Novice: 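Got a structure for you, written out below as structure tokens; questions coming shortly.
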Amino acid sequence: MSTVSDSVPVVIIGAGPAGLLLAHLLDLEGVESVLLEVRSAEYVMGRIRAGVLESSTVELLDGAGVGDRLRREGMEHRGIHLQWPEERHHLDFVDLVGRSVWIYGQTEVTKDLMQAREAAGQESHYEVSSVSLHGLESDRPSVRFVDSDGVRREIVARAVAGCDGFHGPSRPAIPDRVQQIWEHGYPYSWLGILADVAPSTDELIYAWHPDGFALHSMRSDAVSRLYLQVDADDDIANWSDDRIWTALATRLGDGQHGWHLTPGPVLDKGILPMRSFVATPMRHGRLFLAGDAAHVVPPTGAKGLNLAAADVALLSRALAEWLRDGRTELADAYSDTALRRVWRCTHFSWWMTNMLHRQGDDFDAQLQLAQLRWVARSDAAAAALAENYAGLPIGY
Ligand code: APR
Ligand code: PHB
């Protein structure tokens, strides 16, 4: 079988939030790209993932002209509720650090970005297979793949952006001798449900409970998203809808101070593993990693999508200055600059996770409660949480 060859300044592997947003930001900078994705566009669009956007992500989407629907249909939240048995405290991020967050599902961000890509009229290939990276240490790296019609293709580029998530081929294309992996596991998972019922709360509730952590989130004023801490090896088959709602009611404090959790039809449910993972450096030769391809955080604190957005904000500028204007400073600094924020968010999600999940013995539980009371009562501690949650500036 012969191979069809082509060339373009940037090949982007992966059409998750990192790849789609990078493609759009590069287009705004006048840099052409080809986007490759193993899944179908419908699959990528339907994938239920994160839902909280930091203020810097919202500003980035606004600035890139893809924030209109988010501003119209998203929900602005001033802060979150922190809870433990018999107590619920509101942290007002706007009062504490002058920034809010927005509730807008990743499915919606994905739709907006796919539309922008289509409007830009640039090349995207969905349902590709056998993606492989070549010549990353040369001036002309290339990516080979088989397109959805079964045609073998090779695209020669000046740079390759590995935005293909935790399981994609980009990170493994970096030789072991130059790559370092930093990893931390957690002995529990999250069971998440999407429910066709109005949220029982105005803003998100993060709840510590002796039975385990629970989170009440939402996607709109008619759809709720809720999570429960479960054992790492638990099976979704063990959790009937009734059992899930009963556990949520207990952990979220149904009946306390007149508050009630309203259950509803479960539209989707699944168990999500928790890990912290960082691969360094984020660049090797002409390959630049962004998003989950380079780092994974546990979902507590909702940093995954925001971190991916911050990476590609830096990367799009770096690639544009280099490929369009011939200046390499930002591209050379990309890995170090991105990793500063990556480690900050890795620490924040680890800290939130450890503070809120039941683990260890009763002594550990008392330390967690002491920490929660401090965050709720001290403006300095609350501001530290708020600054990290609502988001540090992109170039932090
Ligand atoms: N070729 C092309 N695409 C691939 C390949 C491959 N061989 N392997 C994986 N992909 C695609 C996946 O199908 C997926 O659509 O790469 C994409 C990676 O997307 P995500 O996993 O969503 O990663 P990223 O874009 O970095 O998003 C970061 O968003 O949903 C949040 O919490 C999530 O932290 C994550 C964040
Ligand atoms: C979500 O709505 O999916 C969500 C919200 C907050 C988190 C994690 C996930 O910390």
Side-chain angles (χ1 to χ4, degrees), residues 11-23 34-41 43-54 57 75 77 80 101-107 109-110 113-114 124-133 143-147 160-173 190 192-194 199 203-206 213-220 223-227 268 270 272 274-277 289-312 315 342 345-346 348-349 352-353 356 389:
V11 175
I12 301 172
I13 309 177
L20 283 168
L21 183 55
L22 177 64
V34 170
L35 184 61
L36 306 179
E37 167 60 51
V38 276
R39 303 287 194 165
S40 68
Y43 180 92
V44 172
M45 235 175 329
R47 217 162 29 189
I48 294 153
R49 292 265 191 92
V52 180
L53 303 182
E54 296 175 357
T57 305
M75 306 160 89
H77 283 190
I80 56 168
V101 294
W102 284 72
I103 304 302
Y104 191 62
Q106 182 173 321
T107 41
V109 177
T110 304
L113 289 170
M114 279 186 174
S124 306
H125 294 268
Y126 285 86
E127 297 178 81
V128 302
S129 54
S130 308
V131 177
S132 60
L133 296 80
V143 178
R144 296 183 195 149
F145 64 101
V146 176
D147 74 15
V160 177
C163 301
D164 43 1
F166 186 68
H167 300 288
S170 294
R171 190 182 61 254
W190 274 18
I193 62 165
L194 191 70
E203 296 189 342
L204 273 53
I205 306 169
Y206 286 81
F213 170 71
L215 169 61
H216 191 329
S217 182
M218 61 195 74
R219 286 292 174 275
S220 67
V223 176
S224 298
R225 177 86 170 139
L226 301 108
Y227 298 97
D268 184 87
L272 331 162
M274 310 265 278
R275 66 160 72 85
S276 295
F277 176 96
L289 299 180
D292 273 21
H295 43 75
V296 178
V297 289
T300 334
K303 288 292 130 188
L305 171 59
N306 293 294
L307 209 42
D311 283 353
V312 299
L315 184 55
V342 167
C345 292
T346 300
F348 177 65
S349 356
M352 283 282 279
T353 301
L356 287 160
Y389 196 111

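Indexing begins at 1, ligand by ligand and atom by atom, following the structure's order. We number each residue from 1, following the sequence as shown. Just so you know, these numbers come straight off a predicted model, no measurement behind them.
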Novice: Could you tell me how the ring of F277 sits relative to the ring of F166: parallel (under 30°), tilted (30 to 60°) or perpendicular (over 60°)?
Specialist: perpendicular
Novice: Using a threshold of 4.0 angstrom between heavy atoms of the protein and any atom of ligand 1, which residues qualify?
Specialist: I13, G14, G16, P17, A18, L36, E37, V38, R39, R47, R49, Q106, V131, C163, D164, G165, G168, P169, G291, D292, G304, L305, A308
Novice: Using the rule given for side-chain contact (heavy atoms from CB on, under 4.5 Å), can you reason through F348 versus V297, listing the C-alpha separation, both sets of side-chain angles and the distance that settles it, and then say yes or no?
Specialist: CA-CA 9 Å; F348 177 65; V297 289; over 6 Å; no
Novice: Please step through side-chain contact (heavy atoms from CB on, under 4.5 Å) for the pair F145 and I13, ending with a clear verdict.
Specialist: CA-CA 10 Å; F145 64 101; I13 309 177; over 6 Å; no
Novice: Dump the intermediate steps for side-chain contact (heavy atoms from CB on, under 4.5 Å) on V38 and D164, then the final yes or no.
Specialist: CA-CA 9 Å; V38 276; D164 43 1; over 6 Å; no
Novice: Answer yes or no: is there a donor N or O on one side and an acceptor on the other, between the side chain of N306 and the main chain of V52, under 3.5 Å?
Specialist: yes
Novice: Which N or O atoms of ligand 2 sit under 3.5 Å from a protein N or O, and how far apart is each pair?
Specialist:
unit_1   : atom_1 : unit_2 : atom_2 : d
ligand 2 : 2 (O)  : S217   : OG     : 2.6
ligand 2 : 2 (O)  : R219   : NH1    : 2.8
ligand 2 : 2 (O)  : R219   : NH2    : 3.4
ligand 2 : 3 (O)  : R219   : NH2    : 2.8
ligand 2 : 3 (O)  : Y227   : OH     : 2.5
ligand 2 : 10 (O) : Y206   : OH     : 2.6
ligand 2 : 10 (O) : P299   : O      : 3.0
ligand 2 : 10 (O) : G301   : N      : 3.0
ligand 2 : 10 (O) : A302   : N      : 3.3

Novice: Would you call S224 and H216 a side-chain contact if the rule is heavy atoms closer than 4.5 Å?
Specialist: yes
Novice: Determine whether Y104 and T57 make a side-chain contact, defined as any pair of heavy atoms from C-beta on separated by less than 4.5 Å.
Specialist: no
Novice: In the structure I gave you, are the side-chain heavy atoms of L21 and V109 within less than 4.5 Å of one another anywhere?
Specialist: no
Novice: Can you find a heavy atom in the side chain of S124 that is under 4.5 Å from one in the side chain of E37?
Specialist: no
